[in-house]
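Here is the structure we will look at, set down as structure tokens.
For the numbers below, each heavy atom of this structure counts, side chains included, while hydrogens, waters and symmetry mates do not.
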Amino acid sequence: MRLRPFFAAGAAVLLCAFLASCASTEAEEAPQEAAAEPPSPAEASPTTEEADDSGAPSDGPEKAPLGEPVGWAAVPPTTDDGEELPELFGGAEGETVTADSAEELAEYLTAEEPLVVEVSGRIDLDGDVEVGSHKTLTGVGEEDGDWAELTGGGLVIDGSRNVVVHNVLVEAEKTALSVRGDSSYVWIHGSTFEGGEGPLVSITGGADLVTLSWNHFREAESALVIGGEDEEPGRLRVTVQQNYFDGTARNNPRVRNAAQVDVFSNYFRANGEYGVQSEYGSEVAVTGNYFDGAKRSVTVDENNPGDAEANGNLLVDTAQPDNQGTVEDPPYTVYMSPARDIPDIITAGAGVGGVRWG
């Protein structure tokens, strides 16, 4: 995959718009003791001797308008005749409402009309909550203790189209967020997912044109699963951009039967088993990320392999990637944070209360 500049912005973090080069630091594998406490973000930040990326920056826009989606979710939809349709907007064409209870949240998120649903503080869910088409769910709390926190259940986007989830913390016993049932044009942005016995987030069942950006995955063994063993070909186009995989042992993501998954400018810290894995013929590009203490950065399943093309990643105490095959450039422009600055940028901006939009 060739690197190309992409538009991105954050209200809390000003990003430099130039490409990181392809210099990686070759380092030892992370310790295998699963019980070892992962280092703090401050301890994980590299010194110049540990990690260095060189090369000339390339020209590109410094930022995009706030609230503009990125990645696969930003690719304009078209009709069968090639006519472009309105781009992803969530519920922005509808009214803005406030949900103060689980009952109100479920009512608004399943309403037929477009809605922007605002939440703040803690809401205890009684099981999973469905999210219908043309909805924006956004947390509006301004500080810790007032942020939107959903507990006792997860969010399910099943067969829906044009959905934005932004600035919420979801803590679930199983999966915090599921995108499935041929859902499309879904943007998961600036949120935190924690706890859970299964993957924190799953994107399966023919879902397509999905972007996960500026999210924080923590306090779980499995972070993100994209696809399964029985997926139909040609779908599961997903962008995983500028997220924080914080001590999640595996599935960061695990990709199966996916048409194309682009993983770039993410921060992987203390991932005890592996960072990214490609299986079942998936096409996965892993570009310009920062791996610190991942036992393996990028792997390909031996029995059911997929393609994985790794370029420009910075590795600290992490084994070199398993490259196999090549992956096409995506049909959208790509913004890359400078690789050596990723720990500072991502820890400051990822998750609830971090980057507001962009």
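A continuous path of ILVMFWY side-chain contacts below 4.5 Å connects Ile188 to Val129, so both sit in one hydrophobic cluster.
Scanning all heavy atoms of the two residues, the minimum distance from Gly190 to Asn215 falls at N-OD1, 3.3 Å. Across all their heavy atoms, Phe268 and Gly275 have their closest contact at CD2-CA, 4.3 Å. The minimum heavy-atom distance linking Pro253 with Val263 is given by the pair CD-CG2, 4.2 Å.
One N or O on the side chain of Ser297 and one on the backbone of Ala319 form a donor-acceptor pair closer than 3.5 Å. With Asn266 contributing its side chain and Val240 its backbone, the two residues share a donor-acceptor pair below 3.5 Å. Of the possible donor and acceptor atoms, none in the side chain of Ser160 sits under 3.5 Å from a partner among the backbone N and O of Ser183.
By the 4.5 Å heavy-atom criterion applied to side chains, Val156 and Val131 are not counted as neighbours. Gln242 places none of its side-chain heavy atoms less than 4.5 Å from the side chain of Ser213. Put simply, the side chain of Arg254 reaches to within 4.5 Å of the side chain of Tyr274, judged on heavy atoms. Residues Asn252 and Phe217 fail the side-chain proximity criterion, which asks for heavy atoms closer than 4.5 Å.
Taken from CD in Glu283 to CG in Asp307, the straight-line distance is 4.5 Å, to the nearest 0.5 Å. Note that CD of Glu279 and CZ of Arg256 are 6.0 Å apart. Values are rounded to the nearest 0.5 Å. Note: Phe291 CZ to Gln320 CD = 10.5 Å, rounded to the nearest 0.5 Å.
Under a 4.0 Å N-O distance rule, the pair Glu273/Arg296 does not qualify as a salt bridge. Salt bridge status for Asp182 with Arg161: absent, with no side-chain N to carboxylate O gap under 4.0 Å.
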query = Should Asp322 and Gln324 be marked as a side chain to side chain donor-acceptor pair (under 3.5 Å) after you check the CA-CA gap, both sets of side-chain angles, and the distance that decides it?
reply = CA-CA 6 Å; Asp322 297 331; Gln324 175 167 304; over 6 Å; no

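Around CD of Glu95, the count of heavy atoms belonging to other residues, nucleotides or ligands within 6.0 Å does not exceed 12.
Note on residues 163-179: no pairs pass salt bridge (Lys or Arg N to Asp or Glu O under 4.0 Å), not counting sequence neighbours.
With sequence neighbours excluded, no residue forms a salt bridge (Lys or Arg N to Asp or Glu O under 4.0 Å) with Glu231.
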Side-chain atoms of residues 195-209: list all donor-acceptor pairs with protein atoms under 3.5 Å, sequence neighbours left out, distances to 0.1 Å.
from: Ser202; atom 1: OG; to: Ser178; atom 2: OG; distance (Å): 3.4
from: Asp208; atom 1: OD1; to: Leu236; atom 2: N; distance (Å): 3.4
from: Asp208; atom 1: OD1; to: Arg237; atom 2: N; distance (Å): 3.0
from: Asp208; atom 1: OD1; to: Arg237; atom 2: NE; distance (Å): 3.0
from: Asp208; atom 1: OD2; to: Arg237; atom 2: NE; distance (Å): 3.3
from: Asp208; atom 1: OD2; to: Arg237; atom 2: NH2; distance (Å): 2.5

